[in-house]
Amino acid sequence: MSSFLHPLTTPVTYTRWLHLLLPGAAVSVWLFISMDTPWVPVVLAALVGLIPGMRLAEGVQAQLLLTPAERGDPGASISAAPSTSWSERWRTSLWLEVRLLCAALAGMATVWLLATAVDLIRSAVGSEPSAEWFAAGLGTHWWAALLVPVPLVMLLAIVVSCGELITAAARWLLGPTRKQRMTALEERTEQLLERNRIARELHDSIGHALTVAVVQAGAARAAHDPEFTERALSAIEETGRDALDDLERVLRVLRESGEPSSQQPSLSEADRLLDSARGSGADVDVDLSGPLEQVPASVSREGYRILQEALTNVLRHSGSVAVRVRVRITVADGRLELEVTNPFMGSTGTSLAAPAEPMGRGSGLRGIRERAALLGGSARTGPYKGEWMVHASLPLHHIG
């Protein structure tokens, strides 16, 4: 019983009913002007449907009244855009004809069944029913009141059925074309890729800052040296400020449609990463060769993030132990080679920089490989000749 009465409590039932009745108002005006030419609205609808803007108007109205839950959804089953081809124009004309037909059926059913319900009420209260409607000749009988729900239930069933029918027709005739669906799919894919990029940016930037802060704070507590503590606090402050700048860049992407690539850090700003690692107790040795300024912006940005994650990995797993890190950046033969190495085993026999999967679930190292793959390059991470190595090879000809 509740499922039967559910349409009564659903707002879309009444918005679809309104959508069905709207064309009847325009047709009624024409019939009032010229009763002898009922075919004119049908011909006029077919011609008006060929106007490109008519598809936009009908699509907006259909979204608002037939599928309000999809309003504003890029993947809506009813598109709201002007016609861009003759196929869409003919489909719009056919839609208008179908809409007129459904409007005629719904309009006649509404008037006829409501008038019948009124006549049954008149019969029950002792008034003679009208001669034009179903209850004509019924007379006056109190039991006519028991029949009042019948036309109302029939009206509800017709309104719901016609609403479903006109909605299905709108999705078929006003729905997005194959080209529009492909465009929407591509936009959705771009959004997912952008979200994935944002997740990597947050992991790399904020993870690096928190790692430096934790390492510096732990080292300062263990040193019991006011001068060292002062340096540690300065390093934490500087790293935190850089992380806030990176966070602002990422949040700007969320607030706006996109972020200018030039506002993202690149390898030209790698000094701040190296200084941050040095301030955390690491002995960083840098070997730079080749024209770094000739590296394309997209490759330079991803190289910066790969270097950031590699250094973060070193600091995260070395703790307060001073560790030597060698950074090699080479630009030659159309490729950017970036390598970060550090001792794999300490004097205690424990790993200094091996990835702790339970802590980060490998998301940082996986992110390095994903960044390299997106640029058409490759990345390797793992033990190599008694050291832990992160090596990325990125082609310079890939412009992302």
Side-chain angles (χ1 to χ4, degrees), residues 1-29 41 45 48-49 54-82 88 91-122 124 133-135 144-177 180-181 184-185 187-188 191:
M1 186 66 177
S2 60
S3 60
F4 178 78
L5 296 177
H6 178 68
L8 289 175
T9 61
T10 305
V12 72
T13 299
Y14 303 100
T15 59
R16 289 177 176 177
W17 192 2
L18 175 62
H19 185 273
L20 287 166
L21 296 180
L22 281 176
V27 174
S28 299
V29 172
V48 169
M54 196 63 190
R55 186 176 183 83
L56 171 61
E58 288 296 315
V60 171
Q61 188 179 138
Q63 279 191 359
L64 290 173
L65 299 179
L66 298 181
T67 57
E70 298 180 1
R71 186 170 49 198
D73 184 359
S77 59
I78 300 175
S79 62
E88 292 183 353
R91 289 170 65 192
T92 306
S93 295
L94 180 57
W95 154 255
L96 291 176
E97 300 299 332
V98 172
R99 188 177 181 188
L100 284 177
L101 176 61
C102 291
L105 294 176
M108 288 188 296
T110 298
V111 174
W112 187 68
L113 292 174
L114 286 179
T116 299
V118 171
D119 273 359
L120 290 173
I121 294 175
R122 287 167 58 89
W133 305 110
F134 176 77
L146 302 177
L147 300 177
V148 172
V150 176
L152 297 180
V153 171
M154 292 175 61
L155 177 60
L156 174 63
I158 291 175
V159 167
V160 173
S161 299
C162 287
E164 294 290 342
L165 177 63
I166 196 67
T167 302
R171 286 171 172 157
W172 176 45
L173 296 172
L174 296 180
T177 62
Q180 290 171 334
R181 286 195 295 268
L185 180 60
E187 292 177 353
R188 176 61 176 168
Q191 291 175 357

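Numbering of residues begins at 1 and proceeds along the displayed sequence. Just the heavy atoms: all of them, side chains too, but no hydrogens, waters or symmetry mates, feed the values below.
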Do [X] and [Y] come within less than 4.5 Å of each other through their side chains, counting heavy atoms only?
X	Y	result
Leu113	Ile158	yes
Leu165	Cys102	yes
Trp17	Leu155	yes
Glu58	Gln63	no
Leu22	Gln61	yes
Thr15	Leu66	no
Ile166	His19	yes
Thr92	Leu173	no

Judged by atom type as modelled, is there a donor-acceptor pair below 3.5 Å linking the side chain of [X] to the main-chain atoms of [Y]?
X	Y	answer
Ser79	Leu174	yes
Arg55	Glu88	yes
Arg171	Ile78	no

Point-to-point distance, once rounded to the nearest 0.5 Å, from OG1 of Thr13 to CG of Leu156 |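 The CG atom of Leu156 is 7.5 Å from OG1 of Thr13, to the nearest 0.5 Å.
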
Looking at residues at least two apart in the chain, or sitting in another chain, which of them share a salt bridge (charged side-chain N to carboxylate O under 4.0 Å, His left out) with Arg91?
-> none

Does a donor on one side chain sit under 3.5 Å from an acceptor on the other, for Glu70 and Ser77?
->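 Result is yes, a qualifying pair exists.
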
